[in-house]
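What you see is a predicted model, and the numbers here were worked out from it, not measured in a lab. Each ligand, and each atom within it, is numbered from 1 in the order the structure gives.
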Amino acid sequence: MCYFDHQLWPCGWWRWGSFREQCNKEYRTGETCGLKLIYNTYLEPHPCSKCETMDKKARRIAKMSDDIARWRYEGNRIATIEKTQREIAELNDQIEQLWREHEKRKMSISY
Ligand SMILES: [Zn+2]
């Protein structure tokens with residue numbers, strides 16, 4: 001059991017930081033025994049990069065939805081509206097995928 005720093009984001013995302021201390025089961029210099037323990041937890045003030053990516057995609061969806069509403073009002077933009085709706089569906093899939101990975105990470109203790 002070797003000690004590592006631990007970074008924790010407000011949303012629950014986390015990752016191991018730098019190696020801190022060897023345990024007495026490990027005698028090779030610079031090696032770790034493979035079992036990680038938390039030495040210190042550092043709380044990150046900002047959302048994790050996955051949350052930021054999801055946020056960016058959500059903002060793009062909001063903007064495209066506004067565009068669609070405007071185009072519907074203006075009329076004559078059916079092809080563009082359909083194309084944009086497909087893009088929105090793709091972005092929704094990507095957000096769902098990111099969210100699943102994010103939640104999996106939150107539940108896991110051994111990455
Ligand atoms: Zn996050």
Keeping to distances under 2.8 Å, can you name the protein N/O/S atoms close to the Zn ion (ligand 1)? Cys11 SG, Cys48 SG, Cys51 SG, His102 NE2
Distance-only, no hydrogens or angles: does the Arg77 side chain make a donor-acceptor pair with backbone N or O of Arg72 under 3.5 Å? no
For the backbone of Arg105 and the side chain of Trp14, can you confirm whether one donor and one acceptor N or O come within less than 3.5 Å of each other? yes
Approximate separation, where rounding is to 0.5 Å, of Arg20 CZ and Lys36 NZ: 14.5 Å
Side chains of Asp55 and Pro47: closer than 4.5 Å at any heavy-atom pair? no
Quick one: pull up CZ in Arg15 and NE2 in His6 and give me the separation to the nearest 0.5 Å. 11.0 Å
Looking at Glu96 and Arg100, is there a salt bridge between them, counting it only when a charged N and a carboxylate O are closer than 4.0 Å? yes
